[in-house]
Amino acid sequence: MRGEDEPAEGSTVRDKARFVFPGLAALLALVGTLAVGPSSANRATSSGPSGRTAADAHRTPAQAGGAGIKSLITASPAPGLGISRSQEFAVPVALLASHKTGVAKMGTLRAPDVLVVGSTGLPRHALTSVLRLHGVTAAVSLDAARLRLNGKLVSMLGVNPSTFRDFAARPMAASNRLWQSVADGAIAASYSMGKLDKLPLGGKVTVTGRKQEKLRVGSLATVGISGVDAVVSDTVAHSLGFPHGNAILISAPHTNLATLVSKIRRVVPKSAGVDPLVSQADVSGTDGAAGIAGVSASSINGYPTLTSTQIVAMLKAAESRVGMPYVWGGAGPRDFDCSGLVLWSFAQAGLVMPRVADDQALTGPSVPLSRLEPGDLLFYHTDPSDPKYISHVAIYLGRGMMIQAPEPGMDVEVVPAALGSEFAGAVRVDPRIAAQVAGVTYG
């Protein structure tokens with residue numbers, strides 16, 4: 001479900017560029033290993049500053065080239081944390097379908113801008129305090145954790161389907177069937193994870209948190225929050241032992257996020273992680289929100305470009321991986337997914353890149369095909385659940401060839417550059433912008 005968010009209805013896109021951070025991993029790392037909290041209760045989306053309603057306060061973790069959702073949420077058992085009596089008697093997931101809960105219709109779409117995550121449940125006043133901050137238009141309480149799905153670590157959110165759906169990407173938010181299946185105990189997995197890990201739509205997967213559950217895969221769809229691999233209901237999250245109410249997702253589309261993050265830190269526990277899901281870089285003309293790779297070249301005058309030495313080192317590193325297997329989530333040195341190959345290859349040249357293809361598409365100016373050069377990145381739309389989402393990347397080698405980690409069952413390969421209907425554009429990586437998108441300081 002790693003994808004771009006859409007602007008809230010009735011709002012305008014920021015004047016500054018909006019770069020999605022892969023910060024979930026770093027945030028989830030704060031959770032450490034699945035910390036158990038009190039039983040989950042129904043939570044409501046709260047709107048501010050007018051029409052606010054009280055709700056629980058919570059957060060989530062992230063991973064990036066240094067921070068992010070995945071690192072904030074780590075869901076293995078934490079030492080010294082036992083399961084409380086309330087968790088021992090959590091409702092079995094298998095019984096949820098017999099207690100169907102209606103799901104509210106989609107309302108006004110909300111751009112997810114900031115994520116707060118704690119290792120345990122946040123105090124009740126945290127959400128109320130956040131909603132009082134200038135620029136915050138809405139916030140929703142969540143549960144967040146990293147745990148294993150069919151043996152692989154994934155970042156997962158536990159949500160109230162009725163209140164969370166407005167923060168999802170439009171195609172997912174609009175699907176009543178999808179959110180009803182989540183309310184009934186199914187898991188909504190990202191399209192990329194579902195396809196690449198061959199998850200059986202309608203079949204069962206094994207999810208292991210504080211306890212193990214067999215969950216039906218209700219849908220494969222992009223949620224619109226970079227780094228989120230799957231979504232379950234808060235009831236299922238409780239059964240799996242998620243920390244209760246340890247995350248708050250905040251929408252503030254018309255305010256300076258750096259200033260807002262500073263204010264949020266003052267009203268939430270010091271131990272909580274606070275991370276913007278987007279960066280308001282001082283560039284204009286960003287096309288990424290429309291599903292086109294790159295920022296306009298005219299907006300980045302004065303930014304450094306890759307040196308010939310860096311390009312040669314990166315390309316040599318990538319070509320040295322030819323024949324190594326594709327593994328979803330792999331980032332080297334022996335196995336790779338598409339963006340993992342890019343991440344690892346650039347790292348061998350001393351360059352920082354964000355983790356996922358959708359973020360890598362915002363690391364420099366767009367390049368016309370007539371001016372492609374070795375080292376440029378090629379991007380593709382391969383996710384039918386969100387046609388604007390960029391879900392594949394390859395490295396251009398020159399002379400009409402590219403190198404890519406294609407899909408499960410295949411190896412890293414050099415093939416003719418694909419420029420067909422799925423092509424989303426080419427980008428010339430700028431190290432300063434790449435570091436900014438990755439959430440680290442350049443230089």
Side-chain angles (χ1 to χ4, degrees), residues 1-11 13-14 18 20-21 23-24 27 42-48 51-53 55-62 69 72-73 103-117 122 127 130-131 133 135-144 155-176 178-180 182-183 188 190 219 221-234 237 245-255 257 260 264 274-278 289 358 385-386 388-389:
M1 299 186 178
R2 298 166 173 149
E4 290 270 357
D5 59 279
E6 301 222 2
E9 290 180 351
S11 69
V13 181
R14 303 181 198 283
R18 307 182 79 247
V20 177
F21 275 159
L24 182 60
L27 288 173
N42 287 335
R43 296 188 277 279
T45 303
S46 300
S47 297
R52 297 189 188 106
T53 59
D56 301 332
H58 321 358
R59 339 179 164 173
T60 338
I69 283 183
L72 285 178
I73 302 174
V103 176
K105 294 180 180 180
M106 181 180 74
T108 300
L109 293 183
R110 306 288 187 179
D113 292 311
V114 179
L115 186 63
V116 181
V117 179
L122 301 176
L127 181 60
V130 165
L131 284 166
L133 297 176
V136 173
T137 59
V140 66
S141 167
L142 307 171
D143 304 331
S155 297
M156 194 176 296
L157 300 181
V159 307
N160 179 324
S162 292
T163 60
F164 176 77
R165 67 185 295 180
D166 293 344
F167 289 80
R170 184 183 296 274
M172 189 179 188
S175 175
N176 292 323
L178 183 154
W179 293 109
Q180 187 61 59
V182 171
S190 72
S219 62
T222 296
V223 72
I225 301 175
S226 186
V228 175
D229 297 310
V231 170
V232 295
S233 72
D234 45 12
N246 67 319
I248 301 172
L249 184 60
I250 300 162
S251 182
H254 307 298
T255 192
L257 292 187
L260 178 61
I264 292 172
V274 182
D275 221 19
L277 296 174
V278 299
D358 198 40
S385 74
D386 187 352
K388 293 181 180 179
Y389 180 53

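If you read the sequence from its start, that first residue is 1, and numbering goes on from there.
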Review point. What distance separates T163 OG1 from L249 CG, expressed to the nearest 0.5 Å?
Key: 10.0 Å
Point to revise | S251 side chain vs A111 backbone, donor-acceptor pair below 3.5 Å | key: yes
**Study point:** Spacing of N246 atom CG and L122 atom CG [to the nearest 0.5 Å]
**Key:** 6.5 Å
Point to revise | A138 to L131 - nearest heavy-atom pair and separation | key: C-CD2, 4.2 Å
Check your understanding: Of all heavy-atom pairs between A252 and D113, which one has the smallest distance, and what is that distance?
Key -> N-OD2, 2.7 Å
Exercise for review: Run through M172, M106, K105 and flag the one making a side chain to side chain contact (heavy atoms under 4.5 Å, CB included) with W179.
Suggested key: M172
Practice item. Looking only at non-hydrogen atoms, find the nearest pair between P161 and V182 and report the distance. Key: CG-CG1, 3.9 Å
Check your understanding: Which pair of non-hydrogen atoms, one from A104 and one from S162, has the smallest distance, and what is that distance?
Key -> N-OG, 2.9 Å
**Study point:** Over all atoms of both residues, closest heavy-atom pair of T137 and P253
**Key:** OG1-CD, 3.6 Å
Exercise for review: Measure from the side-chain N and O atoms of D143 to the backbone N and O of G245, and report whether any donor-acceptor pair falls under 3.5 Å.
Suggested key: yes
Review point. Hey, does V231 have a side-chain heavy atom less than 4.5 Å from the side chain of M156?
Key: no
**Study point:** Interatomic distance, L157 atom CG to D234 atom CG [nearest 0.5 angstrom]
**Key:** 11.5 Å
Point to revise | Derivation and outcome, side chain to side chain contact (heavy atoms under 4.5 Å, CB included), residues T108 and D166 | key: CA-CA 6 Å; T108 300; D166 293 344; 5.7 Å; no
Revision key, fill the gap. Closest non-hydrogen contact found for L178 with A221 is CD1-CB, 3.8 Å
Check your understanding: What's the spacing between F167 CZ and L142 CG if we round to 0.5 Å?
Key -> 8.0 Å
Practice item. Say whether, by atom type as modelled, one donor and one acceptor occur between the side chain of R165 and the main chain of A173 under 3.5 angstrom. Key: yes
Review point. Going by heavy atoms in the side chains, are N176 and V103 under 4.5 Å from each other?
Key: no
